[in-house]
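Below: the structure, in structure tokens.
As the structure lists them, so they are numbered: ligands from 1, and atoms in each ligand from 1. Remember, predicted model here, so these are calculated numbers, not experimental data. Note: hydrogens, waters and symmetry copies are ignored here, and every other heavy atom, side chains too, is used.
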Amino acid sequence: MEIKEINVSLVCDILNEIMEYELAGVVRYTHSSLMVSGPYRIPIVTFLKEQASESLKHAQQAGELIVGLDGHPSLKTAKIQETHRHSIKDILEEGLEHELTALSLYKKLLGSVTDASVYLEEYARTMIGEEEQHSLELKAMLKDFG
Ligand SMILES: [Fe+2]
Ligand SMILES: [Fe+2]
């Protein structure tokens, strides 16, 4: 296997993009969890709060890697659109869209670290696995709505 040189500034830029996106996820899921109404409120609020905590954990992990690479973690969050649509279906669809975008960011990271850093490659793959799992969960939750 050929070991490539890691492009630290590119990797830090992608990690910062991930960090900003995950921080936006904290805001999005917290907002969503407050907007749920109806008979299925309780399990969905629990799920959304878990996703908010998970996003914070993911943002912190990306931040730690940035610091480890001598980069500077961002103070910004990615832009979130307020759609003013708060039916459970809308909330879950927005969540799914969010997870798929997160997934694409981790895939972008994987592309920049493959064969250049075993640790970062493992990290990217693990995160891709987690975000895929979240997307599948959301897809399953959306099935009910036809
Ligand atoms: Fe995440
Ligand atoms: Fe996620």
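- Within the 4.5 Å cutoff, no side-chain heavy atoms of V8 are placed close to those of D70.
- When distances to the Fe ion (ligand 2) are checked against a cut-off of 2.8 Å, E131 contributes an N, O or S atom below that limit.
- By the 30° and 60° cut-offs, the orientation of the rings of Y123 relative to Y106 is perpendicular.
- Among the atoms of H98, no N, O or S atom is found under 2.8 Å from the Fe ion (ligand 2).
- H58 has its closest N, O or S atom to the Fe ion (ligand 1) at the position named ND1.
- Within H134, the N, O or S atom at minimum distance from the Fe ion (ligand 2) carries the name ND1.
- When each of L69, N16, I66 is tested with V11 by the rule side-chain contact (heavy atoms from CB on, under 4.5 Å), just one qualifies, namely L69.
- Considering just the N/O/S atoms of E22, the one nearest the Fe ion (ligand 1) carries the name OE2.
- Between H98 and Y21, the distance from one ring center to the other falls under 6.0 angstrom.
- The closest side-chain heavy-atom distance from Q60 to M19 is not below 4.5 Å.
- Remark: side-chain polar atoms of D115 are not paired, donor with acceptor, to backbone N or O of K4 under 3.5 angstrom.
- Look at E130 and the Fe ion (ligand 1): no N/O/S atom of the residue is under 2.8 Å from the metal.
- Looking only at N/O/S atoms, E99 comes nearest to the Fe ion (ligand 2) through OE1.
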